[in-house]
Amino acid sequence: MAADRFHQCNAISRRTSRSAADFVSGIGRLPVLSIRGQSMMRQMPSSIRGRLLLILRAGIAAGCAFTLSACISTQSTRFDEFENVLASHDSATRALAEWCDRRDMADPAVIRVSHAGGEAAQPTAEIRRLLEVGPDDPLGYRHVELLCGGVVMSVAHNFYVPARLTPAMNAQLDTTDTPFGKVVEELNFTRERLAAVVGASESCPPDTVLSHRAVLRRADSLPISLVIECYTPANLVD
């Protein structure tokens with residue numbers, strides 16, 4: 001599971017496996033041996049030389065396994081920490097700002113959005129049901145990247161109900177790079193998590209490490225937004 005979560009560990013596994021294969025594929029390519037040492041190995045009886053190579057192979061395999069295990073353990077711990085930070089906030093913007101600050105990804109740890117472009121997604125009947133609006137009620141849509149410094153931390157799809165926001169909030173959403181959670185924070189919204197998927201869910205980029213789907217509600221419980229959040233591998237790297 002952890003190896004599937006973190007593409008970095010898979011890459012390490014492939015690199016260490018290739019290095020091990022290169023290392024033991026021929027005596028002449030054993031970099032830890034001096035020229036004299038290689039010559040001595042060639043003069044050994046084949047049975048002794050074969051046993052020595054078996055020992056080397058076993059040691060390298062153990063080292064590769066240790067490297068991969070350490071990587072998975074580190075990434076799993078970081079993944080759990082990241083999930084805990086996300087769970088501690090109703091606002092993904094605040095959660096990402098805290099994570100950015102913890103990981104020293106930027107100074108100051110300020111989250112901004114960049115519009116991802118492309119055609120606007122059309123709200124489905126299910127989205128309208130979750131937002132408790134009729135088939136003809138207008139909905140706003142934002143497809144954005146959330147960045148801290150120059151690092152893309154999340155790609156998000158956001159369907160929101162303009163009629164449940166203030167005119168000033170709607171203007172900000174239309175004209176600025178301020179994140180949705182920051183724009184509507186004075187509504188004291190809460191988050192109702194609908195789904196959390198390890199990896200990419202539908203609508204998320206393939207390298208997504210964690211996908212969230214949630215409804216944001218005003219203090220009076222009316223839904224104001226449905227969000228699909230796709231968290232990038234940048235949240236887990238050193």
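Keep in mind that what you see is a predicted model, and the values were worked out from it rather than measured. For reference, positions follow the sequence shown, starting with 1.
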Decide whether [X] and [Y] are clustered together by the hydrophobic rule: side chain heavy atoms of Ile, Leu, Val, Met, Phe, Trp, Tyr closer than 4.5 Å, transitively.
X    : Y    : answer
L131 : L173 : no
L146 : V110 : no
I127 : V227 : no
F189 : V215 : no
W99  : V113 : yes

Atom of [X], atom of [Y] and distance for their closest heavy-atom approach:
X    : Y    : result
S203 : C230 : O-SG, 4.1 Å
V151 : A234 : CG1-CB, 3.5 Å
I228 : C204 : CG2-SG, 4.3 Å
V85  : H89  : O-CD2, 3.3 Å
A121 : Y141 : N-CE2, 3.3 Å
R128 : D137 : NH1-O, 2.8 Å

As an exercise, state the distance from [atom1] of [X] to [atom2] of [Y], rounded to the nearest 0.5 Å.
X    : Y    : atom1 : atom2 : value
D101 : D107 : CG    : CG    : 8.0 Å
S201 : R213 : OG    : CZ    : 8.5 Å
R164 : R217 : CZ    : CZ    : 9.0 Å
Y231 : F82  : OH    : CZ    : 6.0 Å
M153 : R103 : CE    : CZ    : 9.5 Å
L236 : T77  : CG    : OG1   : 11.0 Å

Are E81 and R78 ion-paired here, with the side-chain N under 4.0 Å from a carboxylate O? no

Ion pair E229/R191, N-O distance below 4.0 Å: yes

Walk me through it: do V155 and V144 pass the test side chain to side chain contact (heavy atoms under 4.5 Å, CB included)? CA-CA 6 Å; V155 177; V144 299; over 6 Å; no

So [Y] and [X], do their side chains get closer than 4.5 Å, heavy atoms only?
X    : Y    : value
L216 : L226 : no
L147 : I111 : no
L96  : C148 : no

Go through the steps to decide whether H212 and L210 satisfy the test side chain to side chain contact (heavy atoms under 4.5 Å, CB included), and finish with yes or no. CA-CA 7 Å; H212 280 182; L210 179 65; 3.7 Å; yes

Just checking R94: does its CZ atom have more than 12 heavy atoms from other residues, nucleotides or ligands closer to it than 6.0 angstrom? no

Using the side chain to side chain contact (heavy atoms under 4.5 Å, CB included) rule, take T232 and T208 through it: C-alpha gap first, then chi angles, then the decisive distance, then the call. CA-CA 5 Å; T232 71; T208 299; over 6 Å; no

T190 and D90: side-chain donor and acceptor closer than 3.5 Å? no

May I have the step-by-step check of side chain to side chain contact (heavy atoms under 4.5 Å, CB included) for L130 and F159, ending in yes or no? CA-CA 11 Å; L130 291 168; F159 297 90; over 6 Å; no

D104 (side chain) donor-acceptor with C100 (main chain) under 3.5 angstrom: no

